[in-house]
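Remember, it's 1-based here, ligands and their atoms both numbered in the order they're listed.
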Amino acid sequence: MGTAGRIEILPDVAGVVTRSRALIVERLQTAIAERGIATIALSGGSTPQPLYEQLATENLPWEKIHLFWGDERYVPYDHPDSNYRMVKRAWIDRVGLPSENIHPMPTQFADPASAAIQHEADLRIFFTTYFADSPPTEWPALDVILLGMGDDAHTASLFPGTAALQVRDRWITVGEKSGQPRLTFTIPLINAARSVIFMLAGANKQAALQHVFALEADDFLYPSRFIQPQGELWWIMDQAAAQGLPETMA
Ligand code: 6PG
């Protein structure tokens with residue numbers, strides 16, 4: 001099932017960051033206006049770091065904004081590979097986000113599977129607490145889930161051919177990249193979001209993107225194809241990444 005959504009192609013990575021920032025700020029403000037709080041899950045990797053630095057300069061009601069992570073490398077929070085550490089340095093340390101609004105994936109358990117179970121339990125408590133008036137739901141709708149895409153078409157820590165791609169009855173599961181464990185949102189949790197925003201740049205994404213947007217391709221080989229949210233799906237990319245996509249998609 002080829003992906004759909006709204007595709008915006010910007011001249012360069014700076015344009016991708018600026019556009020992604022605008023989309024995110026709009027959606028956070030709408031969520032706060034409608035429900036009193038906003039929830040956003042963040043991606044790791046290198047592309048979003050300047051975005052987080054720019055979001056830190058926004059004048060937003062930080063006490064109403066809750067940060068989550070769509071995936072996390074299974075390392076301590078002070079490890080150079082930690083997505084939490086990257087966001088803390090680029091964003092959290094620069095604004096007055098209350099600590100209770102920051103929901104990192106736990107990586108202190110000996111067993112990543114126990115960490116996934118614990119994080120899901122914590123998220124269930126969060127959503128039942130903050131949305132007590134809403135009907136109970138199997139899948140909570142985060143306001144924004146920001147995703148990157150690897151040059152192998154993975155997203156979050158949903159890597160090609162891995163067991164995490166089969167998990168449909170959990171919110172959080174254990175992914176793995178080259179044998180290294182990671183924690184990740186599952187496909188159904190991502191697809192329950194109000195807005196999913198893919199943010200990517202660089203010619204190294206071209207081949208993967210062509211498979212992700214192809215009418216026919218194996219979703220298990222190109223996991224970003226599984227991302228078909230209930231809500232909005234945005235693909236914000238630069239010209240370098242978009243090279244080779246059908247003109248109709250531009
Ligand atoms: C991670 C990310 C991962 C990332 C892609 C793209 O933990 O690494 O969540 O899914 O988004 O690998 O990374 P770049 O943006 O650095 O290309």
Does the separation of the ring centres of His154 and Tyr222 fall below 6.0 angstrom?
no
How does His154 reach ligand 1, if at all, at less than 4.0 Å between non-hydrogen atoms: by side chain, backbone, both, or neither?
side chain
How far is atom 13 (O) of ligand 1 from its nearest protein heavy atom, and which residue and atom name does that atom have?
Gly45 CA, 4.0 Å
Tell me if the centroids of the rings in Trp69 and Tyr84 come within less than 6.0 Å of each other.
yes
Among Leu42, Asn204, Asp71, which one has a heavy atom closest to atom 9 (O) of ligand 1?
Asp71
Which of Ile24, Val25, Leu23 passes side-chain contact (heavy atoms from CB on, under 4.5 Å) with Arg27? It is Leu23
To check your reading of the model: name the closest protein heavy atom to atom 10 (O) of ligand 1, its residue, and the distance in Å.
Ala156 O, 2.7 Å
Run Phe126 and Phe68 through ring-ring contact (aromatic ring centres under 6.0 Å, His included) and show every step you take.
CA-CA 11 Å; Phe126 172 85; Phe68 301 84; 5.1 Å; yes
Check ion pair Asp238-Lys205 (N to O, under 4.0 angstrom)
no
Among the heavy atoms of Arg182, does any lie under 4.0 Å from an atom of ligand 1?
yes
Among all protein heavy atoms in this structure, tell me which lies nearest to atom 11 (O) of ligand 1, with the distance rounded to 0.1 Å.
Gly148 CA, 3.3 Å
Side chain or backbone, does Gly150 bring an N or O within less than 3.5 Å of an N or O on ligand 1?
no
Heavy-atom contacts with Asn83 under 4.0 Å: which atoms of ligand 1 show up? List them by number with element.
1 (C), 7 (O)
For residues Glu8 and Leu10, report the shortest heavy-atom separation together with the two atoms involved.
O-CD2, 3.8 Å
From Leu189 CG over to Thr173 OG1, what is the distance, rounded to the nearest 0.5 angstrom?
11.5 Å
Looking only at protein heavy atoms, which one is nearest to atom 8 (O) of ligand 1, and how far off is it?
Arg73 NH2, 2.7 Å
Hey, are Asp71 and Ser157 close enough side-chain-wise for a donor-acceptor pair under 3.5 Å?
yes
Identity and separation of the nearest protein heavy atom to atom 17 (O) of ligand 1:
Lys205 NZ, 2.6 Å
In terms of residue, atom name and distance, what is the protein heavy atom nearest to atom 14 (P) of ligand 1?
Thr47 OG1, 3.5 Å
As an exercise, identify every atom of ligand 1 less than 4.0 angstrom from a heavy atom of Ser46.
14 (P), 15 (O), 16 (O)
